[in-house]
There are 2 protein chains.
Amino acid sequence: MKIGEFSKKSGCSIQTIRYYEREGLLLNPNRSEGNFRLYDSKALKQLEFVKHCRSLDISLNDTKRLLELKNKPEESCSSVNALIDQQLALVNKRMKELRALKAELQQMASACGSNNTIEACGIIKSLDS
Amino acid sequence: MKIGEFSKKSGCSIQTIRYYEREGLLLNPNRSEGNFRLYDSKALKQLEFVKHCRSLDISLNDTKRLLELKNKPEESCSSVNALIDQQLALVNKRMKELRALKAELQQMASACGSNNTIEACGIIKSLDS
DNA sequence: CTTGACTCTATAGTTACTATAGGATTTATA
DNA sequence: TATAAATCCTATAGTAACTATAGAGTCAAG
């Protein structure tokens with residue numbers, strides 16, 4: 001299939017597909033007579049793997065590492081495990097940050113007092129301190 | 001004070017300060033004879049306001065809007081309020097996403113089974129499906 | 001008067017894409 | 001069969017919010 005169909009089947013934009021290729025996350029596909037990229041179902045599987053990693057917020061670099069590891073089936077999976085643990089730690093850290101953000105934003109929202117002038121607004125006051 | 005001291009007092013890097021100036025988040029400071037930027041305590045207050053906004057993940061664009069609103073003390077603060085509410089919605093959305101991420105990552109981590117080969121690793125399997 | 005610390009501007013790099021310009025190729029229609 | 005429309009190609013620039021570098025100028029101390 002050509003890139004248009006590949007794009008629709010995978011749910012990735014054409015530009016993103018070409019970008020992934022440049023970055024080494026997709027193998028260079030065969031080309032048609034007129035230099036069009038031609039993909040098969042194996043390429044589709046690989047792209048779906050990448051998409052799954054990205055949906056977990058795993059960076060392209062780490063995704064690339066996972067792809068490489070995937071091609072060494074006999075090696076120990078400890079580095080795979082470490083990578084996921086690290087990703088989990090990252091998510092936990094960000095969640096903690098967001099909880100703090102949320103608390104402060106809520107407090108600010110309730111400090112507004114509505115229908116105030118900006119001068120009297122509790123939000124601006126708390127941002128200013 | 002010159003930019004070095006301003007940087008230390010504010011906790012912003014020198015490059016970031018110059019960047020904020022270019023982006024209109026800090027007023028153009030006076031310059032010394034030799035063209036060095038000179039800051040006063042008012043500038044420091046403004047930078048701290050910006051830092052506070054950024055610590056709440058408010059975009060530079062929105063921060064700029066808040067600064068502009070701050071200079072119109074008699075206007076209604078409803079747009080300030082709306083901006084904070086919107087930021088809160090954004091934080092809530094991201095938290096929800098992260099909770100889902102966390103759940104999947106945890107499941108994957110526990111599916112690894114440790115000391116496996118990559119071929120048998122539950123993580124790679126689940127990324128592949 | 002020179003060394004070193006500090007500052008200046010302008011530019012490029014970061015991440016993960018998205019968007020555009022300017023062509024070439026293929027497919028569908030007249 | 002001619003041409004128009006759809007699809008594809010590469011190369012380049014833009015996004016957010018910085019960070020890092022190069023190459024040069026300024027200033028205080030020894």
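Just so it is clear, the model here is predicted, and its values are computed rather than measured. To find a chain, count down the sequence lines: A is the first, B the second, and so on, and within it residues start at 1.
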For A:S110, side-chain contact (heavy atoms from CB on, under 4.5 Å) partners two or more places apart: none
Test side-chain contact (heavy atoms from CB on, under 4.5 Å) applied to B:K51 - qualifying residues, sequence neighbours left out: B:C12
Chain B footprint on DNA chain D, 5' to 3' - any atom under 4.0 Å from a heavy atom: D:dA17 to D:dC27
In numerical order, the residues of residues 5-20 of chain B whose heavy atoms come under 4.0 Å of DNA chain D are B:S13, B:Q15, B:T16, B:Y19, B:Y20
Tell me, what's DNA chain C's dot-bracket, Watson-Crick or G-U with both distances under 3.5 Å, | for other-strand, [ ] crossing? ||||||||||||||||||||||||||||||
Would you jot down, in residue-number order, the residues of [range] having a non-hydrogen atom under 4.0 Å from DNA chain C?
| range | answer |
| --- | --- |
| residues 84-93 of chain A | none |
| residues 52-70 of chain B | none |
| residues 23-49 of chain B | B:R31, B:N35, B:F36, B:R37 |

Return all side-chain donor-acceptor pairs below 3.5 angstrom for residues 75-84 of chain B, not counting sequence neighbours, or 'none' if the list is empty.
from	atom 1	to	atom 2	distance (Å)
B:S76	OG	B:S78	N	3.0
B:S76	OG	B:S78	OG	3.1

Suppose we screen for ring-ring contact (aromatic ring centres under 6.0 Å, His included). Which residues come up paired with B:F6, at least two apart in sequence or across chains? B:Y39
Can you name the side chain to side chain donor-acceptor pair (under 3.5 Å) partners of B:R18, sequence neighbours left out? none
Kindly list each side-chain donor-acceptor pair under 3.5 angstrom involving residues 99-108 of chain B, sequence neighbours excluded, with atom names and distances?
from	atom 1	to	atom 2	distance (Å)
B:K102	NZ	A:N92	OD1	3.0
B:E104	OE2	A:H52	NE2	2.6

